[in-house]
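Notes to accompany the following structure.
No hydrogens, no waters, no symmetry mates; every other heavy atom, side chains included, goes into these values.
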Amino acid sequence: MKAWQIALVLVGSMAAVIGVVAYAWIQMGDVEMSSGGILAMVGGVLVSLAVGIGLMALVFYSNRSGHDDDAGGH
């Protein structure tokens, strides 16, 4: 498969997911969230971002410090 075909499949998949999420959001109507729910959602987003950023930082650090070269063992 060529790179543009892979990109086309990924963009199409993302568009389909966005469409399903938008449809579900519209069907929910007027749903109110309590302050505890908003706090939990914000906390979950922040923790997810922190984990993702931390893991990516470790990947870059490991790659640049040469630890990845030692792991092959060949």
Side-chain angles (χ1 to χ4, degrees):
M1 231 182 196
K2 295 184 180 181
W4 67 269
Q5 290 172 323
I6 294 172
L8 186 64
V9 168
L10 291 175
V11 169
S13 298
M14 186 172 62
V17 168
I18 289 172
V20 169
V21 168
Y23 176 76
W25 187 275
I26 291 169
Q27 292 300 316
M28 285 193 321
D30 292 334
V31 176
E32 294 185 22
M33 189 181 300
S34 67
S35 58
I38 292 172
L39 185 64
M41 183 175 63
V42 169
V45 167
L46 291 177
V47 168
S48 296
L49 282 173
V51 168
I53 290 169
L55 289 174
M56 287 306 297
L58 288 173
V59 167
F60 287 123
Y61 173 74
S62 175
N63 186 27
R64 291 183 185 213
S65 65
H67 292 299
D68 291 344
D69 299 333
D70 298 337
H74 296 287

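A donor-acceptor distance shorter than 3.5 angstrom exists from the side chain of S48 to the backbone of G44, with no hydrogens or angles considered.
Residues I26 and V31 are members of separate hydrophobic clusters, defined by side-chain heavy-atom contacts under 4.5 angstrom among Ile, Leu, Val, Met, Phe, Trp and Tyr. A continuous path of ILVMFWY side-chain contacts below 4.5 Å connects M41 to L46, so both sit in one hydrophobic cluster.
Between the CG atom of L10 and the CD atom of Q5 there is a distance of 12.0 Å, given to the nearest 0.5 Å. With values rounded to the nearest 0.5 angstrom, L58 atom CG is found 10.0 Å from S65 atom OG. For the atom pair CE of M33 and CG of L39, the computed distance is 11.5 Å after rounding to the nearest 0.5 Å.
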